[in-house]
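To start, the structure under review is shown below, and the notes come after it.
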Amino acid sequence: MGTSLSSWRRQGRRLGIAVLFVAVGTGLWEFQERQHKDAYTWMGVPTWEEFRPTTIHRVLRNDGYLVGWSDVRVNPLWVSYQVEAIDDSSIGSRPNFQADWRTLWPVGTDSYAGSGYDRGHLAPNYAIAAVHGRSAQVDTFLMSNMTPQRPQLNRQLWQRLEEVVMDHFAPRFDRLQVITGPVFPERFMDNVFNRVGLVEVPEAFYKIIVAPHNEAPLALAFIMPQDVRGNEPLDDYLVTIDDIEARTGLNFFPELTTEVESVLEGELRIQGWALEEVARRPGRFQ
DNA sequence: TTTATTGT
């Protein structure tokens with residue numbers, strides 16, 4: 001017969017070698033993936049609480065930060081990155097905005113033109129550039145890192161918060177984990193046509209800052225609405241992480257034990273941050 | 001310019 005016993009053996013060996021290669025390759029890939037996520041997240045990548053079209057997303061990897069991208073909202077639902085105190089505050093010049101072809105829908109650099117909304121960074125230019133370098137800085141100008149923000153928020157209140165993270169919080173702790181993203185109205189259909197091009201317009205934005213180095217980690221969380229003057233005290237917008245989870249349908253830090261989680265996410269504790277020292281610090285821009 | 005658009 002054409003298929004002799006030795007030929008079967010040969011094919012079996014080949015198959016075995018192929019399986020071995022796939023197994024080793026997959027293992028290496030998962031190892032790399034895990035290392036990458038460990039560098040940019042703390043206590044796990046954000047997940048959705050329940051399976052809904054508006055909370056489903058996929059993770060885009062960038063230099064310096066991760067994005068949870070939603071093709072339904074045409075928005076990042078979260079970005080995750082870490083910062084530390086830096087000695088040299090100089091960074092490279094602002095790169096150009098650029099389209100991200102990993103997104104299902106085309107969002108061009110001119111998509112926001114004439115809309116009255118800014119292309120607001122979620123992972124900020126300055127912090128990422130200062131901590132993670134030039135190629136990470138370039139990545140923050142991907143349109144998949146943008147979401148429509150009113151100028152008074154983006155250039156005033158939100159900028160003040162980002163400045164406080166790097167200039168006040170980071171020097172107080174070894175390292176900070178930051179997760180930030182948009183908040184949408186509760187009912188999807190109420191906002192479904194409120195879009196800049198294809199991009200749904202959020203009603204507010206959240207930012208979670210964790211100092212994980214302690215045995216008892218500290219967290220501070222904010223929700224800031226689109227409609228602000230810009231000179232409000234930052235502490236007017238303090239919330240709990242549970243509040244943000246309720247508004248977004250996401251689950252942050254899924255690997256926390258339930259005991260730590262109930263304190264860190266359920267209680268509003270501002271001790272240790274000295275927020276009152278900087279809550280009224282004026283913005284850089286007018 | 002640690003934000004960004006508009007208009008030249």
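Numbers restart at 1 for each chain; the letters A, B, ... are given by sequence-line order, proteins then strands.
The ring pair (Phe, Tyr, Trp, His ring centres under 6.0 Å) pairs that include a residue from residues 227-277 of chain A are A:Trp42-A:Phe253, A:Phe169-A:Trp273, A:Phe173-A:Trp273, A:Tyr206-A:Phe252, where partners are two or more places apart or lie in different chains. Within the structure, side chain to side chain donor-acceptor pair (under 3.5 Å) contacts touching residues 160-170 of chain A (residues at least two apart or in different chains) are A:Trp158-A:Glu162, A:Gln159-A:Glu163, A:Glu163-A:Arg284.
Between A:Phe97 and A:His121, the angle of the ring planes lies from 30° to 60°, which puts this pair in the tilted group.
Looking at A:Gln226 and A:Arg150, their side chains never bring a donor and an acceptor atom within 3.5 Å of each other. For the 3.5 Å distance criterion, the side chains of A:Arg73 and A:Asn191 fail to qualify, holding no donor opposite an acceptor.
Straight-line distance between the P atoms of B:dT5 and B:dT1: roughly 16 Å, to the nearest whole Å.
The side-chain heavy atoms of A:Leu238 and A:Leu220, taken from C-beta on, include a pair separated by under 4.5 Å.
Between A:Ser115 and A:Phe285, the residue anchored closer to the 5' end of DNA chain B is A:Phe285, taking for each the nucleotide with the nearest heavy atom.
Scanning DNA chain B 5' to 3' for nucleotides with an atom closer than 4.0 angstrom to a non-hydrogen atom of chain A gives a first and last hit of B:dT1 to B:dT6.
A:Trp78 pairs with exactly one of A:Ile179, A:Ile208, A:Thr248, A:Ile244 by the side-chain contact (heavy atoms from CB on, under 4.5 Å) rule, that one being A:Ile179.
Note on A:Gly114: only backbone sugar-phosphate atoms sit closer than 4.0 angstrom, heavy atoms only; bases stay farther off.
With A:Ser80 contributing its side chain and A:Tyr40 its backbone, the two residues share a donor-acceptor pair below 3.5 Å.
Annotation: proximity of residues 145-164 of chain A to DNA chain B (heavy atom, distance under 4.0 Å) is found for A:Asn154, A:Arg155, A:Gln159, A:Glu163, numbered in ascending order. Residues from residues 227-235 of chain A with heavy atoms under 4.0 angstrom of DNA chain B: there are none.
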Before giving the answer on side chain to side chain donor-acceptor pair (under 3.5 Å), spell out for A:Glu200 and A:Asn194 the whole-Å C-alpha distance, their side-chain angles and the decisive distance to 0.1 Å.
CA-CA 6 Å; A:Glu200 189 177 347; A:Asn194 182 17; over 6 Å; no
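Partners of A:Asp242 under the salt bridge (Lys or Arg N to Asp or Glu O under 4.0 Å) rule, at least two apart in sequence or in another chain, do not exist in this structure.
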